[in-house]
Amino acid sequence: MNEESKAPVSFIEQFIIDDIREGKNDGRVHTRFPPEPNGYLHIGHAKAICLDFGMAEKYGGKCNLRFDDTNPVKEEVEYIDSIKEDIHWLGFDWENREFYASDYFGKLFEFAVDLIKRGLAYVDDQPADIISTQKGTPTRPGQASPYRERPAEESLDLFYRMNEGEFEEGSRVLRAKIDMASPNMHMRDPIIYRILKTPHHRTGDTWKVYPMYDFAHGQCDYFEGITHSLCTLEFEIHRPLYDWLVYQLKTSDYRPRQIEFNRLNLNYTIMSKRKLLELVREGSVNGWDDPRMPTLCGLRRRGYTPESIKKFIDLIGYTKVEAINDVSLLEHAIRDDLNLRAPRVFGVLDPVKLIITNYPEAKVEEMDIDNNPEDPGMGSRKVPFSNEIYIERDDFMEDPPHKYFRLSPGTEVRLKGAYIIKCESFKKNEGSGLIEEIYCTYDPASRSGGEAAGRKVKGTLHWVSAQHAVNAEVRLYDRLFDHEDPAGQKEDDYRKFLNPDSLKILKGCMLEPSLASAKPSDKFQFQRVGYFCADLDSKPGSLVFNRTVSLKDTWAKMRK
RNA sequence: UGCUCCGUAGUGUAAUUGGCAACACGUCUGACUCUGGAUCAGAAGAGUCUAGGUUCGAGCCCUAGCGGAGCAACCA
């Protein structure tokens, strides 16, 4: 027996625990993740993936990957590979259980035939708008279709002919015969099969009729032996239909159970696949994997790790409350993760030249600097130091305000891993007001690790030797929208809230030479600045880094 | 004016058979630091949507309201 964890479990996990204890379905746990291949996975899907695969893993069960491909008009093969890649990236595996709803088209068709024979389904010859108005409204019961009592043999004949391609799309549908007066709209003789002549990406033109979601999902669960069918809240109202269909299908005591949880919402972004597609098509972002996108490929390119995403999802939990999560929690999760594993490096984003006037011009020293103070095991590296260096423009002020700990005329500051320097003078372009060069002297005895190294100074700066620096482009990403809930504004289109400053491209950034060999997706902490990762576009000689997330900055906060 | 679901600090979650409302993020202090950003310590912040009821005792149970979300695609 494993020792029980004391952490509280979600209501879903509690259901699973109870079901196991009661011996339901022989105590099996078998879940499924059922994406529709019509777009890229986003962090909201990650929440479902972590639950589906996570519960199976934790309770010794299995989780199937099942593509929900019942609508050939909307679905494309191109998405299938990206979906599989993203799930694997998160660290989950479905082994050989890669299924498709279309695998079951034959069995589903047979089941439909069976329902017709049992008088539980009928072909309706009416057009969509008539069927729709006959359905009534949530407050008013529906009316029976004139075809509702049509003989089974007639429906059967028509259904077969529908599938032969004899009838036009939209001319006839197959409906379950349930209850036109049900307070639940989904029980008012739902359409279960429609005619579609678009070829299917897997079954080609074998079929001319395709099952609707409601007629496929629960039955597929049943065919696969799924025990816990976990989905989002909006399917709650479908559950009676799910149960009704499974009841008609069942041949034993085994029953899959649908449980609904809240979807993931994040502030300052949108999660709708349709809108994300619009952003891509309209060029508001540079593709599905734009680092500003909440897609898994976007987050990956941005520098997020799978561990950080799982941690975040773990933190927000599963409930039935429609919640809007704060991005700062996501940012906390990635900082927390990268803090332990990202090597520290020096990168000057907005360089200004600093000349150490008493340091020999031709001299170069190799400074030994820790790769990660959080983890001595990560070792150290040599960083060249010389008389001309770059520091951050922000790190010098001609007229510093109170509590400014950085460099200004007459003050001292520590160059991280090197010497203490004192600003003696500076050169300013009188036209632009821009500082062009800063002149300092250094204290040779203050070298890190040296005899007088213990001397305290208020500030420590990062720096890069000018002659050794490698040039790079740095992309500063910020939230995609400047409104907390861009999609929730009734009056305004979400596009109105696109943040014009969501991407700032910096050229001519100066990085320490060790970064010259950085490979795409390598992650670093640019000390005092933030976490960065080499972009897919990065190549030796033309380096590109993405800012994943900035470090917390109390100075910046003080200035507000 | 139907049905279903949901209302706990700013945000997200806890509070296993009713027992002084807890944790994380965020915010604010302070300490420490060769990352102002790590870390550590501490603080503020809800009396659990409202009103009744049951009970010695209710966030948990009951009733009635109020508020929010979802449901009327040949989408999933």
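The sequence lines fix the lettering, A, B, ..., with proteins before strands; numbering per chain opens at 1. All heavy atoms count here, side chains included; hydrogens, waters and symmetry mates do not.
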Reckon [X] touches a base, only the sugar-phosphate, or nothing at all at heavy-atom distances under 4.0 Å?
{"X": "F312(A)", "answer": "nothing"}
{"X": "K557(A)", "answer": "sugar-phosphate"}
{"X": "T319(A)", "answer": "sugar-phosphate"}
{"X": "P141(A)", "answer": "nothing"}
{"X": "L461(A)", "answer": "nothing"}
{"X": "E331(A)", "answer": "nothing"}
{"X": "K403(A)", "answer": "base"}
{"X": "R239(A)", "answer": "nothing"}

Which value, in whole Å, describes the distance between the [atom1] atoms of nucleotides [N] and [M]?
{"N": "G10(B)", "M": "C5(B)", "atom1": "P", "value": "28 Å"}
{"N": "C49(B)", "M": "C6(B)", "atom1": "P", "value": "14 Å"}
{"N": "G59(B)", "M": "C20(B)", "atom1": "P", "value": "10 Å"}
{"N": "U8(B)", "M": "A72(B)", "atom1": "C1'", "value": "34 Å"}
{"N": "U39(B)", "M": "A58(B)", "atom1": "C1'", "value": "42 Å"}
{"N": "G37(B)", "M": "U29(B)", "atom1": "P", "value": "13 Å"}
{"N": "U55(B)", "M": "C62(B)", "atom1": "C1'", "value": "12 Å"}
{"N": "A14(B)", "M": "C25(B)", "atom1": "C1'", "value": "15 Å"}

Aromatic contact, [X] with [Y] (centres under 6.0 Å):
{"X": "W555(A)", "Y": "F405(A)", "result": "no"}
{"X": "Y122(A)", "Y": "Y147(A)", "result": "no"}
{"X": "F235(A)", "Y": "Y213(A)", "result": "yes"}

Nearest whole angstrom, please: distance from the [atom2] of [N] to the [atom1] of [X].
{"X": "D326(A)", "N": "G10(B)", "atom1": "CG", "atom2": "C1'", "result": "9 Å"}
{"X": "N262(A)", "N": "U4(B)", "atom1": "CG", "atom2": "C1'", "result": "16 Å"}
{"X": "D314(A)", "N": "A24(B)", "atom1": "CG", "atom2": "P", "result": "14 Å"}
{"X": "I391(A)", "N": "U35(B)", "atom1": "CD1", "atom2": "P", "result": "17 Å"}
{"X": "L315(A)", "N": "U13(B)", "atom1": "CG", "atom2": "P", "result": "11 Å"}
{"X": "K416(A)", "N": "G37(B)", "atom1": "NZ", "atom2": "C1'", "result": "12 Å"}
{"X": "L329(A)", "N": "G12(B)", "atom1": "CG", "atom2": "P", "result": "11 Å"}
{"X": "F385(A)", "N": "C34(B)", "atom1": "CZ", "atom2": "P", "result": "18 Å"}

Looking at [Y], is its backbone amide N or carbonyl O close enough to the side chain of [X] to form a donor-acceptor pair, meaning the two atoms are under 3.5 Å apart?
{"X": "D375(A)", "Y": "N372(A)", "value": "no"}
{"X": "S182(A)", "Y": "N184(A)", "value": "yes"}
{"X": "N38(A)", "Y": "K74(A)", "value": "no"}

Problem - For G67(B), glycosidic torsion class - syn if within 90° of 0, otherwise anti - result: anti

Taking N or O atoms only and anything under 3.5 Å, show me the protein contacts with nucleotides 42-44 of chain B, one pair per line.
none

Fill in the blank from the handout: Note: for Y531(A) and F526(A) on RNA chain B, the residue whose nearest nucleotide lies more 5' is F526(A)

Handout entry: Which residue lies more 5' along RNA chain B, comparing L415(A) with A556(A) via nearest heavy atoms
Key = L415(A)

Exercise for the section: Look at K458(A) and G36(B) and indicate whether a side-chain polar atom (N or O) is within less than 4.0 Å of OP1 or OP2. Expected result: no

Write down the partner of [N] under the Watson-Crick or G-U wobble criteria, each distance required to be under 3.5 Å.
{"N": "A51(B)", "value": "U63(B)"}
{"N": "C3(B)", "value": "G70(B)"}
{"N": "G19(B)", "value": "C56(B)"}
{"N": "A41(B)", "value": "U29(B)"}
{"N": "U35(B)", "value": "none"}

Completion exercise
Letter by letter from the 5' end, nucleotides 71-76 of chain B scores (B base, S sugar-phosphate only, - none; protein heavy atoms under 4.0 Å) SBSBBB

Establish, yes or no, whether the cationic atom of [X] lies under 6.0 Å from the six-membered ring centre of [Y] and within 45° of the ring axis.
{"X": "K422(A)", "Y": "Y442(A)", "value": "no"}
{"X": "R172(A)", "Y": "F167(A)", "value": "yes"}
{"X": "R479(A)", "Y": "Y268(A)", "value": "yes"}

Fill in the blank from the handout: Quick note, R414(A) side chain, CB onward, closest among A15(B), C34(B), G37(B) is C34(B)

Practice task
Look at the side chain of E374(A) and decide which nucleotide, out of G36(B), A38(B), A14(B), has an atom nearest to it.
Solution key: A38(B)

Exercise for the section: State, yes or no, whether a side-chain contact exists between R194(A) and M212(A) at a heavy-atom distance under 4.5 Å. Expected result: yes

Practice task
Can you check whether any acceptor in the base of U16(B) is under 3.5 Å from a donor in the side chain of Q14(A), or vice versa?
Solution key: no

Exercise for the section: Tell whether R406(A) reaches the base of G36(B) with its side chain through a donor-acceptor pair below 3.5 angstrom. Expected result: yes

Handout entry: K416(A), R344(A), E392(A) screened by side-chain hydrogen bond (donor to acceptor under 3.5 Å, both in side chains) with H462(A), the one that passes
Key = E392(A)

Handout entry: K58(A) with E13(A): basic N within carboxylate O range, under 4.0 Å
Key = yes

Problem - Residues E236(A) and K320(A) bridged, charged N to O under 4.0 Å - result: yes

Practice task
Evaluate whether the aromatic ring of W555(A) and the six-membered ring of the G37(B) base sit under 5.5 Å apart, centre to centre, with an inclination under 30°.
Solution key: no

